[in-house]
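Structure, as structure tokens:
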Amino acid sequence: MSKILIIAEHDGRELNLSTAKVASCALELSAASTDIVVFGNACADVAEAAAGIEGISRVLLAERAENAAPLAAILAPQIARLADDYDYVLAPSTTFGKDVLPRAAALAGCGQISDIMAVLGARQFKRPIYAGNAIVTVEVPEGCKVFGTVRVASYKAAPGAATQAPIEAIELDVELPAHTRFIELQSGSGDRPDLQTARRVVSGGRGVGSAENFRIIFSLADKLGAAVGASRAAVDAGFVPNDMQVGQTGKIIAPELYIAFGISGAIQHLTGIKDAGTIVAVNKDPEAPIFEVADIGLVGDLFEVIPELDKALGG
Amino acid sequence: MQKILVCLKRVVDYNVRIRVKPDGSGVVTDGVKMSINPFDEIALEEALRIRERGDAEEVIVLSIGNSDWQQQLRTGLAMGADRAILVETPEPVQPLAAARVIRAIVEREQPELVILGKQAIDDDCNQTGQMLAALWDRPQATFASKVELQDGKARVTREVDAGLELIEVELPAVITTDLRLNEPRYVKLPDIMKAKKKPLERLPVAELGVDVEPACRESNFEAPAARSRGIMVSDVNELVAALRDRGLLD
């Protein structure tokens, strides 16, 4: 029977929800055991959270000063060492997982499957290519370990477990390079829900017109408890920071409710939202392509619709 | 520094509407416009700007594919690269194989910097740069939106999910580019003429002695499930009612 290792994603304080989504994908592989490894420094809370996910056999906690920032050059050799004991190594297909896992796979002499969206068999998966405009079946030959990143928009988070999995502190005797140094992280989005895992997302596009005008998007989002996203046009115009971009070249998301204001619906944006539960589009232009994929469409001026919506939702 | 190596992949042009072949054996590429992968174009632009600032002597472009790929290398030369290398393979290679080939060329050319796109817009793998950095045992700075070089180091701003991350790497290093790093220049006609005289070396992959077997088998290409068109509402009240009907409002 096979063994799975999941690389936890976290910010040093909280476990990222993407980890539980990878655990969901792991459940489909019917393995003998599934472990999560947490790399970090003084991050016992993160390990506790990981131990509370359904289907997890144990959590490995690899704490050392060098692991404080998630640098691929530091983590990959440790993952490659751990991989000796596993048949599968999985990570979320977030910027964290995309950065670190290919490096670990290459160190282990293996290829990698990116963006697993469905498990067809023990070694057979579906993944999107051409920005989701085609889906391909990929198969890893016998005798190779499976390294894979899991497309978080394709999986719901695994539920909480009835009992906590055991946590084991581990020390890996791996020499780490000194050629890469973390300096700082500038976060753009503040205290709002995380765009990639939020249940509701409100987005604005070029039609919002300015950074100033984006305030009404933020205020509606706060009323709905939603994260805020933006189209590439809005980001390129400098209305909002890049980490809010939804689409093929930004974040691919799957909230229950997605509301797009003043977004025309370029292919690359639609690629980022097509797994959303319900898409609502508000746009002045009745011919905007976003109406072709929207579940509910409203032709109108966002500067009139948003205040009315605010009122209808109760002040 | 002496040399920057830039890797260029030939892909279906980003404006082409992708169609899956009816027999599921792949996507239609016959008679379809092919271009340099847009992220790789950004990589080349960055290398050229570094050279034009006087921080590098030579920019080499590298591709791995069949003889058709010379077109994209010529475009790279017309943009301003000094010379080109085509490692000839009958089929495009997967990321691990590409990383092994690039590693072999790195051994020969000894560049201080290798710049690649963060992903190719055909297979969307986002792996090759990271794998090259692993095999080369050198730093990686992926998804770069700003690169500053100083004293044998690169300070790179990376576009990550949580915002912008700043890291510092010692050279030699691998950098992969994100969209906002720069806007690639347009190629002018005189440059296309000049590019015809620049050296383009063709090297059979067998001469490198690296394993280029695919790491996974691909089959059954299919079109994604389409989203069906929904309803149109005429005002905010109808919109709120429709959302309540679906249980989407508290």
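Chain A is the first sequence line, chain B the second, and so forth, proteins listed ahead of strands; every chain is numbered from 1. It should be emphasised that the depicted structure is a prediction, and the values quoted were computed from it without experimental measurement.
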Inset, instruction - Find the one option among A/Leu185, A/Thr137, A/Asp194 whose heavy-atom pairs under 4.5 Å with chain B are most numerous. - result: A/Thr137
Legend entry - Under 4.5 Å from any heavy atom of chain A - which part of B/Leu179: side chain
Inset, instruction - Look at B/Ile121, B/Asp124, B/Ile167, B/Val27 and state which one has the largest set of heavy-atom pairs under 4.5 Å with chain A. - result: B/Asp124
Inset, instruction - Pick whichever of A/Ser114, A/Gly111, A/Ala72 has the most heavy-atom pairs under 4.5 Å with chain B. - result: A/Ser114
Inset, instruction - Identify which part of B/Phe39 has an atom lying under 4.5 Å from any heavy atom of chain A, answering side chain, backbone, both or neither. - result: side chain
Legend entry - pair B/Trp69-B/Leu8: side-chain heavy atoms closer than 4.5 Å: no
Legend entry - Heavy-atom pair count under 4.5 Å with chain B, highest-scoring of A/Val280, A/Leu270, A/Ile279: A/Ile279
Legend entry - Under 4.5 Å from any heavy atom of chain A - which part of B/Arg217: both
Legend entry - Heavy-atom contact with chain A under 4.5 Å, split by part of B/Val20: side chain
Inset, instruction - Measure B/Val160 against the heavy atoms of chain A and call it side chain, backbone, both or neither at under 4.5 Å. - result: both
Legend entry - Qualifying residue, where the test is side-chain contact (heavy atoms from CB on, under 4.5 Å) with A/Val305 and the options are A/Leu298, A/Asn283, A/Val299, A/Asp310: A/Leu298
Inset, instruction - Please tell me if the side chains of B/Met232 and B/Glu238 come closer than 4.5 Å, counting only heavy atoms from C-beta onward. - result: no
Inset, instruction - Could you have a look at A/His179, A/Glu292, A/Gln248 and say which one has the most heavy-atom pairs with chain B under 4.5 angstrom? - result: A/His179
Inset, instruction - List the steps, then state whether side-chain hydrogen bond (donor to acceptor under 3.5 Å, both in side chains) holds for A/Thr94 with A/Glu9. - result: CA-CA 9 Å; A/Thr94 53; A/Glu9 174 168 0; 2.6 Å; yes
Legend entry - Structural part of B/Gln94 lying under 4.5 Å from a heavy atom of chain A: neither
Inset, instruction - Could you check which of B/Ala141, B/Pro139, B/Gly230 has the highest count of heavy-atom pairs closer than 4.5 Å to chain A? - result: B/Pro139
Legend entry - Crowding at CZ, B/Arg108 (>12 non-hydrogen neighbours, <6.0 Å): yes
Legend entry - Which atoms of B/Ala99 approach chain A - backbone, side chain, both or neither, heavy atom under 4.5 Å: neither
Inset, instruction - Can you tell which part of B/Asp235 gets under 4.5 Å to a heavy atom of chain A, answering side chain, backbone, both or neither? - result: backbone
Legend entry - Proximal component of B/Lys153, with respect to chain A [non-hydrogen, under 4.5 Å]: neither
Inset, instruction - Give, as side chain, backbone, both or neither, the part of A/Gln196 having an atom under 4.5 angstrom from any heavy atom of chain B. - result: side chain
Legend entry - Charged N-O contact under 4.0 Å between A/Glu139 and A/Arg123: no
Inset, instruction - For B/Glu159 and A/Asn242, test the side chains for any donor-to-acceptor distance below 3.5 angstrom and give the result as yes or no. - result: yes
Inset, instruction - Give, as side chain, backbone, both or neither, the part of B/Ser234 having an atom under 4.5 angstrom from any heavy atom of chain A. - result: backbone
Legend entry - Distance (rounded to the nearest 0.5 Å) between B/Leu243 CG and A/Ile296 CD1: 4.5 Å
Inset, instruction - Name the member of B/Arg246, B/Arg180, B/Gln119 that forms the most heavy-atom pairs with chain A at distances under 4.5 Å. - result: B/Arg180
Legend entry - A/Asp115 versus chain B, the contacting section by heavy-atom distance below 4.5 Å: side chain
Legend entry - Structural part of A/Ala178 lying under 4.5 Å from a heavy atom of chain B: backbone
Inset, instruction - Working to the nearest 0.5 Å, report the span between CG of B/Asp40 and NZ of B/Lys9. - result: 9.0 Å
Inset, instruction - Can you tell which part of A/Gln245 gets under 4.5 Å to a heavy atom of chain B, answering side chain, backbone, both or neither? - result: side chain
Inset, instruction - Examine whether an atom of B/Arg244 lies under 4.5 Å from a heavy atom of chain A, and if so say whether it belongs to the side chain, the backbone or both; otherwise answer neither. - result: side chain
Inset, instruction - Could you tell me whether B/Tyr14 atom OH has more than 12 heavy atoms of other residues or ligands within 6.0 Å of it? - result: no
Legend entry - Winner by heavy-atom pair count (cut-off under 4.5 Å) against chain B, out of A/Ala281, A/Ala134, A/Pro177, A/Ala76: A/Ala134
Legend entry - B/Phe221 versus chain A, the contacting section by heavy-atom distance below 4.5 Å: both
Legend entry - Contacting region of A/Ile74 [heavy-atom separation from chain B under 4.5 Å]: neither
Legend entry - Heavy-atom pair count under 4.5 Å with chain A, highest-scoring of B/Val12, B/Asn237, B/Leu96: B/Leu96
Inset, instruction - Could you tell me whether B/Arg227 and A/Asp295 have a side-chain N and a carboxylate O separated by less than 4.0 Å? - result: yes
Legend entry - Residue part contacting chain B, namely of A/Lys251, when any heavy atom lies under 4.5 Å: side chain
Legend entry - Flag side-chain contact, heavy atom, 4.5 Å: A/Val246 against A/Tyr258: yes
Legend entry - Greatest number of heavy atom pairs closer than 4.5 Å to chain B - which of A/Pro128, A/Gly300, A/Ala312, A/Ala294: A/Ala294
Legend entry - Pair B/Gln140, A/Arg103: side-chain N/O donor-acceptor within cut-off below 3.5 Å: yes
Legend entry - Structural part of A/Ile113 lying under 4.5 Å from a heavy atom of chain B: both
Inset, instruction - Answer yes or no: is there a side-chain heavy-atom contact under 4.5 Å between A/Thr19 and A/His10? - result: no
Legend entry - Note, B/Val240 side chain near B/Val236 side chain (heavy atom, < 4.5 Å): yes
Legend entry - Which portion of B/Pro95 sits near chain A, non-hydrogen atoms under 4.5 angstrom: neither
Inset, instruction - Using a cut-off of under 4.5 Å on heavy-atom pairs, state which of B/Val169, B/Asp122, B/Ile18 scores highest against chain A. - result: B/Asp122
Inset, instruction - Could you tell me which portion of B/Val11 (side chain, backbone, both or neither) has an atom closer than 4.5 angstrom to a non-hydrogen atom of chain A? - result: neither
Inset, instruction - Heavy atoms only, distances under 4.5 angstrom: which of B/Glu222, B/Glu218, B/Glu170 has the most pairs with chain A? Name it, please. - result: B/Glu222
Inset, instruction - Could you tell me whether the side chain of B/Pro111 reaches within less than 4.5 Å of the side chain of B/Val106, counting heavy atoms only? - result: yes
Inset, instruction - Scan side-chain atoms only and decide if B/Arg158 and B/Thr142 contain a donor-acceptor pair under the 3.5 Å cut-off. - result: yes
Inset, instruction - Would you indicate whether A/Glu14, at its atom CD, is surrounded by more than 12 heavy atoms from other residues, nucleotides or ligands within a distance under 6.0 Å? - result: no
Legend entry - B/Gln150 side chain reached by B/Arg155 side chain, heavy atoms, under 4.5 Å: no
